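As a basis for the values below, the full set of heavy atoms in this structure was taken, side chains included, without hydrogen atoms, waters or symmetry mates. Remember, it's a predicted structure, so these values are computed and weren't measured experimentally.
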Amino acid sequence: MTRASYPLKLPASVKAAAARLAKEDGVSLNQWISVAIAQKIGVVETAADFLRRQAGKAKPEDMLPFLDRAKREAPPVGDEI
């Protein structure tokens, strides 16, 4: 595995929490952060792949008939633009 270094600056509270969790897991802070980043990458890429499959060949304009049939009502309080 090729390794690359990256100087990471974290808020002190985030670093402290990560260090505590790494210690609980019995791994180094560096290893814990590496695994956390890998997990996040997996989640984001899996979600993107899922959404692409669900969309298929759909185009934004394919939603217009559904939007035309949607109720015309005011958004809930606090959800306005």
Please list, one pair per line, the donor and acceptor atoms closer than 3.5 Å that link side chains of residues 49-70 to other protein atoms, with sequence neighbours excluded.
{"unit_1": "Asp49", "atom_1": "OD1", "unit_2": "Arg52", "atom_2": "NH2", "d": "2.7"}
{"unit_1": "Asp62", "atom_1": "OD2", "unit_2": "Lys59", "atom_2": "N", "d": "2.7"}

Sequence neighbours excluded and cut-off under 3.5 Å, please list the side-chain donor-acceptor pairs for residues 14-36, or say none.
{"unit_1": "Asp25", "atom_1": "OD2", "unit_2": "Trp32", "atom_2": "NE1", "d": "3.2"}
{"unit_1": "Ser28", "atom_1": "OG", "unit_2": "Gln31", "atom_2": "N", "d": "3.0"}
{"unit_1": "Ser34", "atom_1": "OG", "unit_2": "Asn30", "atom_2": "O", "d": "3.0"}

Can you give me every donor-acceptor pair (side chain of residues 73-81, partner residue at least two apart or in another chain, under 3.5 Å) with its distance?
{"unit_1": "Glu80", "atom_1": "OE1", "unit_2": "Gly78", "atom_2": "N", "d": "3.0"}
{"unit_1": "Glu80", "atom_1": "OE2", "unit_2": "Gly78", "atom_2": "N", "d": "3.2"}

